[in-house]
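As structure tokens, the structure follows; a few thoughts come after it.
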Amino acid sequence: MDDFASQIYSQVHQIPYGKVSTYGDIARFAGYPGYARHVGRLMGSLPEGSALPWHRVINAKGEISLKGEDLVRQRNKLLEEGIEVSQAGKIRLARYRWDGR
DNA sequence: ATTATGACTGAAG
DNA sequence: ACTTCAGCCATAA
């Protein structure tokens, strides 16, 4: 596994239960600013039963980037953690920040 | 080498 | 709040 992947995984793993973070923030705080798209690429190529909380990663607009059935799966995962998500996929009040912007 | 394509982003209108 | 658009960067064709 290359350095990039391990750094990203480690960062995603730090998102607390019941909270969410964004592709951009994760890339940034993992030491790879500008690699938001690659974070998404990694999440997409994750093994089936991965222990990584990939579902807690959303886009900067505060919504789920997946579509159709995939969106529904991620939405359900978040709902199970008590996070409010509209049917369209918008998350309310659960953003996690490493800094505090 | 060139083009197209993404689980992306931020600024602008 | 919504749409367009220019940056972004590895991968695949």
Side-chain angles (χ1 to χ4, degrees):
Chain A
M1 174 184 308
D2 57 60
D3 198 53
F4 174 70
S6 47
Q7 287 302 302
I8 297 302
Y9 290 152
S10 153
Q11 203 67 28
V12 172
H13 200 64
Q14 291 182 48
I15 306 173
Y17 180 96
K19 296 273 181 91
V20 296
S21 188
T22 70
Y23 301 99
D25 281 353
I26 290 183
R28 213 172 9 266
F29 286 84
Y32 290 86
Y35 283 68
R37 306 190 92 127
H38 299 272
V39 172
R41 185 163 54 71
L42 268 188
M43 296 301 103
S45 56
L46 231 40
E48 269 305 321
S50 174
L52 223 74
W54 58 270
H55 53 279
R56 309 212 259 248
V57 185
I58 64 178
N59 63 34
K61 292 177 293 191
E63 50 186 28
I64 294 174
S65 285
L66 295 173
K67 303 167 190 174
E69 291 302 316
D70 296 318
L71 186 159
V72 179
R73 272 182 229 121
Q74 179 168 7
R75 183 169 116 90
N76 288 329
K77 283 268 203 177
L78 294 173
L79 291 175
E80 286 174 32
E81 300 193 358
I83 297 173
E84 291 185 56
V85 189
S86 75
Q87 188 168 6
K90 288 208 171 166
I91 280 70
R92 288 196 304 175
L93 331 147
R95 290 273 276 266
Y96 172 64
R97 317 281 197 189
W98 278 274
D99 52 1
R101 188 170 67 158

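- The salt bridge (Lys or Arg N to Asp or Glu O under 4.0 Å) analysis of residues 3-22 of chain A, with sequence neighbours excluded, yields no pairs.
- Between A:Tyr23 atom OH and C:dA10 atom C1' there is a gap of 17 Å when expressed in whole angstrom units.
- Atoms OH (A:Tyr32) and P (B:dT9) sit 18 Å apart, rounded to a whole Å.
- Contact detail for A:Ser21 and A:Ile26: the closest heavy-atom pair is OG-CG1, 4.0 Å.
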List every contact pair, protein side and nucleotides 4-6 of chain B side both N or O, where the distance is under 3.5 Å.
{"unit_1": "B:dG6", "atom_1": "N7", "unit_2": "A:Arg37", "atom_2": "NH2", "d": "3.1"}

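- Rounded to whole angstrom, the span from the CG atom of A:Leu42 across to the P atom of B:dC8 amounts to 13 Å.
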Extract all donor-acceptor atom pairs below 3.5 Å that involve side chains of residues 78-85 of chain A and protein atoms in other chains or at least two apart in sequence.
{"unit_1": "A:Glu81", "atom_1": "OE1", "unit_2": "A:Gly18", "atom_2": "N", "d": "2.9"}
{"unit_1": "A:Glu81", "atom_1": "OE1", "unit_2": "A:Arg56", "atom_2": "NH1", "d": "3.0"}
{"unit_1": "A:Glu81", "atom_1": "OE2", "unit_2": "A:His55", "atom_2": "NE2", "d": "2.8"}
{"unit_1": "A:Glu81", "atom_1": "OE2", "unit_2": "A:Arg56", "atom_2": "NH1", "d": "2.5"}
{"unit_1": "A:Glu84", "atom_1": "OE1", "unit_2": "A:Arg92", "atom_2": "NE", "d": "3.4"}
{"unit_1": "A:Glu84", "atom_1": "OE1", "unit_2": "A:Arg92", "atom_2": "NH2", "d": "2.3"}

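- Dashed line: the shortest gap from a side-chain N or O of A:Tyr35 to OP1 or OP2 of C:dA10 is under 4.0 Å.
- Atom-to-atom distance recorded for A:Ile64:CD1 and A:Gln74:CD is 4.5 Å, nearest 0.5 angstrom.
- The CD1 atom of A:Ile58 sits 11.5 Å away from atom CG of A:Leu66, with the distance rounded to the nearest 0.5 Å.
- Straight-line distance between the P atoms of B:dA7 and C:dA13: roughly 15 Å, to the nearest whole Å.
- The minimum heavy-atom distance between A:Tyr35 and A:Ala27, with the atom names listed, is C-CB, 3.8 Å.
- The stretch residues 60-69 of chain A touches DNA chain B through A:Ala60, A:Ser65, A:Leu66, each having a heavy atom within less than 4.0 Å of the strand.
- Contact annotation for A:Gly44: base contact, defined as any heavy-atom pair under 4.0 Å involving a base atom.
- Atom CZ of A:Arg95 is separated from atom CD1 of A:Ile15 by 11.5 Å, given to the nearest 0.5 angstrom.
- Interatomic distance, OG of A:Ser86 versus CD of A:Glu63, reported as 8.0 Å (0.5 Å rounding).
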Could you pull out every donor-acceptor pair under 3.5 Å between side chains of residues 39-53 of chain A and any protein atom, sequence neighbours left out?
{"unit_1": "A:Arg41", "atom_1": "NH2", "unit_2": "A:His38", "atom_2": "ND1", "d": "3.0"}
{"unit_1": "A:Ser45", "atom_1": "OG", "unit_2": "A:Arg41", "atom_2": "O", "d": "3.2"}
{"unit_1": "A:Ser45", "atom_1": "OG", "unit_2": "A:Leu42", "atom_2": "O", "d": "3.1"}
{"unit_1": "A:Ser50", "atom_1": "OG", "unit_2": "A:Leu52", "atom_2": "N", "d": "3.2"}

Check the interface with nucleotides 1-6 of chain C: list each N/O to N/O pair with the protein under 3.5 Å, or write none.
none

Next on the checklist: Determine whether A:Gln14 and A:Trp98 satisfy the following criterion, side-chain contact (heavy atoms from CB on, under 4.5 Å), listing intermediate values before the conclusion.
Outcome noted: CA-CA 10 Å; A:Gln14 291 182 48; A:Trp98 278 274; 3.8 Å; yes
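- The nearest whole Å value for the distance from the CH2 atom in A:Trp54 to the P atom in B:dC8 is 14 Å.
- Here the shortest heavy-atom pairing between A:Ile8 and A:Ala30 reads CD1-CB, 3.7 Å.
- Counting to the nearest Å, the C1' atom of B:dG10 and the CZ atom of A:Arg28 are 11 Å from each other.
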